[in-house]
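Source: prediction; values computed, not measured. Letters go in sequence order (proteins before strands), and every chain restarts at 1.
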Protein chains: 2
Amino acid sequence: MGREDRKRPATLRTIAQSAGVDVSTVSRVLNGSPEDAARAASRETADAIREWAARLDYRPNPHAKSLRTQRSNLVGVLVPRLSDVVLATIYEGIEDAAARHGFATFVMNSHDRPDEQRARTELALSRRVDGLVFGDAHHDGGFVDEIAQRRIPFVLVSRHAGGHPSVTCDDYRGGRLVAAHFLERGHRRTAVIAGEPFASTGIDRTAGFVDRYREEGLDVATVHSRFDTAGGHQAAEQLLTEVEPTAIFAVNDFAAIGALGAVRDARLRPGADVAVAGFNDTPLAAELPVPLTSVRSPMHEMGRRALELLMTVLDGGTPESQRLEPELIVRASTARP
Amino acid sequence: MGREDRKRPATLRTIAQSAGVDVSTVSRVLNGSPEDAARAASRETADAIREWAARLDYRPNPHAKSLRTQRSNLVGVLVPRLSDVVLATIYEGIEDAAARHGFATFVMNSHDRPDEQRARTELALSRRVDGLVFGDAHHDGGFVDEIAQRRIPFVLVSRHAGGHPSVTCDDYRGGRLVAAHFLERGHRRTAVIAGEPFASTGIDRTAGFVDRYREEGLDVATVHSRFDTAGGHQAAEQLLTEVEPTAIFAVNDFAAIGALGAVRDARLRPGADVAVAGFNDTPLAAELPVPLTSVRSPMHEMGRRALELLMTVLDGGTPESQRLEPELIVRASTARP
DNA sequence: CTGAAAGCGCTTACAG
DNA sequence: CTGAAAGCGCTTACAG
């Protein structure tokens, strides 16, 4: 089954010979714009060419095309971890939109480590991507600033940084929604599991929550954490002993699930004794033993729009950052008994 | 920030001119095998060439190379859904291994739909991938048989089909492990949430479980389901009313989580009243309010090995299918009180 | 040790 | 409406 056994695919030349015309004519008819095609050959010649192409199962060689046009129709996508369902879903949106534009994508994990971000980006660049989508931007913005300076087309998704074009959820507003909900339920001693300090998602969600509480003259305890369940568990344990909050907002569903575990371990009832809310409304949130209140963010849509925004950049347009609306989904984890 | 602004990258010709040698010499030194390089130029010439390459930040143009060599160093990967953490983790293994071999990967979702499998495969082929990894093979094997007939290099991962080269978990054995555990705990009326009927994973896990129980002269109720939480919830609801099992094996953690929800909704205590076990030992399993007993499968390793197996195929070797060992992780969801 | 030449499969001014 | 030619950036027999 070695690769030598497969017979060579049809090329423009094959078709040109079959149809008795020049390759340039075939190119214009098959791969050119409709106007090009119309100008390039008579109806009959064009039809004959198209018929041969179909019969020979012709598919343009993308490498030849890219070499000639200096455009690869490839985009590189960097995410912290693809096994995080939030990023995977955003990526699905990116991939869908890319396919519709005739682009293919390379995804890579950076694990939120600057050295890997750099290495993966260079790898993508050496593969000659036309542009990049970063789902792993750090708020300090050092790395993306550098990419911008090199005039490499890119957009950010999920997290914003340094004023570069981005598509995000309105995380600040999402944080406020949770705070408003907690206030309505009468919680006055609350805490936030704020995630990693370098991610604008965690920063903004926390800020929105804290600001809303400040408006009521109330302070909020905050603690940073990893974005996963173990991180949330650990952070919640600490908060439960040091702060004894009646409600906890974790800036991410996984951290929230970890927090639920910590609440249970402390012999408290999630929802009844300690309210817990998460963010993103991951598919699991609704199915947990104690269903989780969470802020729904349009993950797939965010990915789709980020890719569209990149297309704007590639077409030389002026990209406008977008902030999509979050929606609070209330469930048992924040219901008083 | 249009693409026109970036200055042209260095090429072999740029370097050849700078170093005062022919492009063919530069090619042999920079991109050839070590022996080629040694034979192509004197130490000094070679060093000079390498120095110029570094100074000009030379990166071989992959499109030119692919066009010339008829090899793309690209592989296509098809999965049912990348937002399923199991497939995402397998894909991470594939991607890691691919990068080490100098290959890049395209991933695409097929949603387990034959028309999408076909369309995505053709898309990958039109992008001139050297080979494919299918994580979404259907057990009937119709589609992959066809691909094999076309002599397209490919391997299967996670699911096997039609005797084609594959890397899977020993799912049958995994099913037996769960059965043995349930038997040891004294469960005699049990049920399996078997997943989709077209996936070898669910088929084999179910068969292993059922066979072990048959050896004790006991029958097992089985019901098919989707692989997600909602599917598991629904299947468990049905089983709880119709079969009243004391233990349920769901062939996948998400279905198991859905089953836990159904158990709770029926006012039964997971673990105490009804044991529930899952499969894959997803990161969440350990962190659930009632930690989930699950069969750990080496997902990342499976992906890695699948890619290695594809490399064997591409090198004209004889690929041998592999079945990796599962491991039972016992937690509270199957502990008697 | 080194070079000159051909060609992979396209696109696109240029010419008629 | 159609063609001939050049060239994108590589690799690799062939020749010396």
| remark: By nearest-heavy-atom nucleotide on DNA chain C, the more 5' of B:R43 and A:Y58 is B:R43

| task | Could you tell me which non-hydrogen atom of A:S200 sits nearest to which non-hydrogen atom of A:S158, and how far apart they are? | result | OG-O, 4.4 Å

| task | Kindly give the heavy-atom pair with the smallest separation between B:T105 and B:A98, and that separation in Å. | result | CG2-CB, 3.6 Å

| C:dA4 pairs with, by Watson-Crick or G-U criteria that keep both distances under 3.5 Å | none

| remark: Winner on side-chain proximity to B:L67, out of C:dT2, C:dC8, C:dG3, is C:dC8

| message | Can you tell me the base-pairing partner of D:dA13? Count Watson-Crick or G-U wobble geometry only, both distances below 3.5 Å, and say none if there is no partner. | response | none

| request: Please confirm whether any donor atom in the side chain of B:R28 sits under 3.5 Å from an acceptor in the base of C:dG3, or the reverse. | output: yes

| request: Write down the distance between CZ (B:R13) and P (D:dG7), rounded to a whole number of angstrom. | output: 9 Å

| message | Taking 4.0 Å as the cut-off, does a side-chain nitrogen or oxygen of B:T25 come that near to OP1 or OP2 on C:dT2? | response | no

| said: Can you confirm if the aromatic rings of A:F143 and A:H138 lie within a centre distance of less than 6.0 Å? | reply: no

| query | Starting at CZ of B:R39 and ending at P of D:dA13, how long is that distance when rounded to a whole Å? | reply | 12 Å

| Nearest-angstrom distance from the residue atom CD1 of B:I15 to C1' of C:dT2 | 17 Å

| task | Would you mind telling me which of D:dG9, C:dC10, C:dA4 lies closest to the side-chain atoms of A:K65? | result | C:dC10

| said: Applying the side-chain contact (heavy atoms from CB on, under 4.5 Å) criterion to A:V107, which one of A:L87, A:L82, A:I94, A:V75 satisfies it? | reply: A:L82

| message | Closest-nucleotide mapping onto DNA chain C: is A:H63 or B:V23 further toward the 5' terminus? I mean the 5' end. | response | B:V23

| query | Hey, does the side chain of A:T11 come within less than 4.0 Å of C:dC8's phosphate (OP1/OP2), counting only N and O? | reply | no

| task | Please determine, by modelled atom types, if B:N109 and A:E95 share a side-chain donor-acceptor pair under 3.5 angstrom. | result | no

| query | Can you tell me how far C1' of C:dC1 sits from CD of B:E35, to the nearest Å? | reply | 16 Å

| note | Winner on side-chain proximity to A:S42, out of D:dC10, D:dT2, D:dG7, is D:dT2

| Among D:dG9, C:dG9, D:dT2, which is the nearest nucleotide to the side chain of B:A64? | D:dG9

| query | Below 4.0 angstrom from OP1 or OP2 of D:dT11, is there any side-chain N or O of B:S27? | reply | yes

| task | Please work out if B:A41 contacts a base, only the sugar-phosphate, or nothing of the nucleic acid, heavy-atom cut-off 4.0 Å. | result | sugar-phosphate

| Touch check for A:S66, heavy atoms < 4.0 angstrom, all strands: base, sugar-phosphate only, or nothing? | nothing

| message | Mind checking if B:S24 touches a base, just sugar-phosphate, or nothing, with heavy atoms under 4.0 Å? | response | base

| OP1 or OP2 of D:dT11 under 4.0 Å from side-chain N/O of B:Q70 | no

| From the list C:dG9, D:dG9, C:dT2, which nucleotide is the closest neighbour of the side chain of A:N61? | C:dG9

